[in-house]
Amino acid sequence: MSFLTLLDYASVLVFAASGAMVASRAQLDIVGFAFIACLTAVGGGTVRDLLLDRHPVFWVADPMPIVLAALMAVLVFFTAHLVESRLRWVVWLDSFALAIAVPAGTGAAIELGHGPVIVVLMGMATGAFGGLMRDVVCNEVPLVLKQGEPYVSCAMIGAMSAITLVWMELPLNIALLVCAAVTWASRASALLWGWSLPVYKSRPPRQ
Amino acid sequence: MSFLTLLDYASVLVFAASGAMVASRAQLDIVGFAFIACLTAVGGGTVRDLLLDRHPVFWVADPMPIVLAALMAVLVFFTAHLVESRLRWVVWLDSFALAIAVPAGTGAAIELGHGPVIVVLMGMATGAFGGLMRDVVCNEVPLVLKQGEPYVSCAMIGAMSAITLVWMELPLNIALLVCAAVTWASRASALLWGWSLPVYKSRPPRQ
Amino acid sequence: MSFLTLLDYASVLVFAASGAMVASRAQLDIVGFAFIACLTAVGGGTVRDLLLDRHPVFWVADPMPIVLAALMAVLVFFTAHLVESRLRWVVWLDSFALAIAVPAGTGAAIELGHGPVIVVLMGMATGAFGGLMRDVVCNEVPLVLKQGEPYVSCAMIGAMSAITLVWMELPLNIALLVCAAVTWASRASALLWGWSLPVYKSRPPRQ
């Protein structure tokens with residue numbers, strides 16, 4: 001099993017847990033948990049594979065990710081009540097999943113020989129689309145779009161660090177590990193210390 | 001015309017009617033009716049074809065389903081006012097469409113030689129995504145996610161019955177007919193007798 | 001650079017501006033602006049390319065549209081406060097983008113040799129899906145679905161004018177220019193004079 005496949009698996013498990021947590025906030029039944037967990041888990045990677053015409057889609061080639069996501073959903077279904085603040089858990093689980101999905105998307109695009117813009121975009125899309133689908137389907141305000149909270153920005157910084165290291169001719173696996181670390185560190189800092197980007201403000205007197 | 005094509009057509013007509021009913025609840029104009037009807041009618045099958053790299057997509061190869069869905073939308077536009085409780089109609093039409101879309105998705109995946117997990121997933125996706133798109137675009141609470149109401153679960157049971165019969169070496173068409181019957185019977189029972197799966201409940205004192 | 005590519009570029013710039021305007025209404029940060037601008041700008045064309053199996057997707061082949069959309073987002077981020085009525089701007093920018101996206105979608109389908117139904121549908125999808133994604137992700141009421149306001153209808157009329165001229169054996173570029181003009185003229189008339197299609201009305205006493 002390649003390093004890229006491992007990354008896909010790990011991101012699947014963590015995104016599935018975050019999806020199941022959101023399902024618990026929507027009080028779905030166990031099949032609804034599994035549905036949202038799978039959508040969140042494989043959503044970003046599926047968008048990446050469709051856009052890059054990378055067939056078969058990773059979970060069609062080997063459905064293990066779906067099975068893992070469904071098992072994770074069942075686990076969360078029976079244990080989520082042990083957890084105090086579920087929104088907080090969603091946010092932190094999501095930060096780990098983001099930190100794994102971004103290098104997974106970046107690595108896949110690099111392996112296919114795409115240029116830097118597409119590589120960074122695929123890192124961002126793989127990181128952002130799973131969570132975006134989860135939130136749109138469950139009618140939550142997308143984490144991706146919380147005002148001033150860096151999310152897509154962290155994915156972008158992570159993906160850019162990977163492409164820089166590859167351009168400096170470091171091995172791909174090292175670049176992807178650094179990418180994961182940079183993505184997570186920036187997202188975690190933003191969460192811990194309330195970092196934010198300046199948001200758009202309309203002129204006060206005219207609003 | 002193969003049995004699978006027939007199933008696609010029938011599910012198109014019934015999903016189109018359910019889409020047009022939802023459009024009538026949103027008070028759209030006649031082109032909006034046709035748009036939502038087509039989205040609902042071919043959405044699930046299109047997702048299936050894209051995921052399985054089954055090109056041309058069924059309605060690109062032969063646009064008859066689109067034409068039928070648009071005609072159905074026009075019919076509903078001029079007759080929906082004759083119907084008393086439109087939400088109730090949406091729910092029942094949707095149950096028939098589900099019962100046809102699940103075997104259509106299952107059959108397509110079996111024909112392409114996929115394994116049982118992918119077959120069941122494609123049955124579920126073909127059944128669920130048309131209605132999910134309809135509800136997300138029209139801002140209704142997705143039927144797929146109504147608390148405790150089995151929907152994806154019925155699709156799953158139906159698809160699993162088909163794969164079981166094929167594994168027992170029954171002919172594909174028989175398996176798909178049983179799949180349709182099982183899907184509809186479970187969904188209709190759930191609607192008629194208010195069957196539900198236990199939903200996730202947070203611990204009462206802490207919520 | 002072919003005429004079709006030029007059309008894609010122009011529609012990218014105008015859709016990006018409309019996406020960034022919507023982002024300004026949601027008060028996102030600058031990366032959020034770029035994200036929504038790119039989604040709006042390439043969404044419709046991406047759906048068209050995926051459905052027609054036209055790989056690589058136009059912006060994967062050449063990421064210039066993404067770069068342009070992101071630059072436009074930055075421009076809007078720093079200048080949108082100079083604009084008085086931003087919703088009004090969104091609506092008019094969107095009308096221009098629609099008038100460019102419809103011939104772009106129509107032309108691509110004609111070049112691939114598809115029949116009239118698919119050609120008209122691809123014109124409509126390319127025109128409508130970018131704006132639809134923008135509005136669904138940003139939680140605005142989809143412009144596509146505003147009650148009685150012709151939007152998809154204008155796309156349809158435009159696409160039908162193109163296919164008619166091609167059928168009359170006029171050169172493709174002329175047909176696409178007429179398509180753009182017809183689409184924009186019908187949309188602008190609807191906006192200026194409040195044209196509307198009759199919407200569905202349930203029988204008053206029974207509602």
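Chain identifiers are assigned alphabetically (A, B, ...) following the order of the sequence lines, protein sequences preceding nucleic acid strands; residue numbering begins at 1 within each chain. Please read these numbers as outputs of a predicted model, since none were measured by experiment.
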Once rounded to the nearest 0.5 Å, what's the spacing between atom CE of C/M124 and atom SG of B/C38?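 Going from the CE atom of C/M124 to the SG atom of B/C38 covers 7.5 Å.
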
For the CG atom of C/L170 and the CG atom of C/L176, what is their distance to the nearest 0.5 Å?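 Interatomic distance, C/L170 CG to C/L176 CG, rounded to 0.5 Å: 11.0 Å.
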
Would you mind checking which part of B/F33 comes under 4.5 Å of any heavy atom in chain C, side chain (CB onward), backbone (N, CA, C, O), both or neither?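 The answer is the side chain of B/F33.
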
Tell me which of these, B/V137, B/V136, B/I30, has more heavy-atom pairs under 4.5 Å with chain C than the rest.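 It is B/V137.
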
Among C/L50, C/L132, C/D53, which residue forms the greatest number of heavy-atom pairs with chain B at distances under 4.5 Å?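 Of the options given, most contacts go to C/D53.
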
Side chains of C/D62 and C/Y9: any donor to acceptor distance under 3.5 Å?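 Indeed, the side chains of C/Y9 and C/D62 share at least one donor-acceptor pair under 3.5 Å.
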
Side chain / backbone / both / neither for C/V152 at chain B, heavy atoms under 4.5 Å: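 Contact with chain B involves both backbone and side-chain atoms of C/V152.
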
Do C/R48 and C/F129 form a cation-pi contact, if we require the NZ or CZ to be under 6.0 Å from the six-membered ring centre and within 45 degrees of the ring's axis?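 Not flagged: C/R48 not positioned over aromatic ring of C/F129.
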
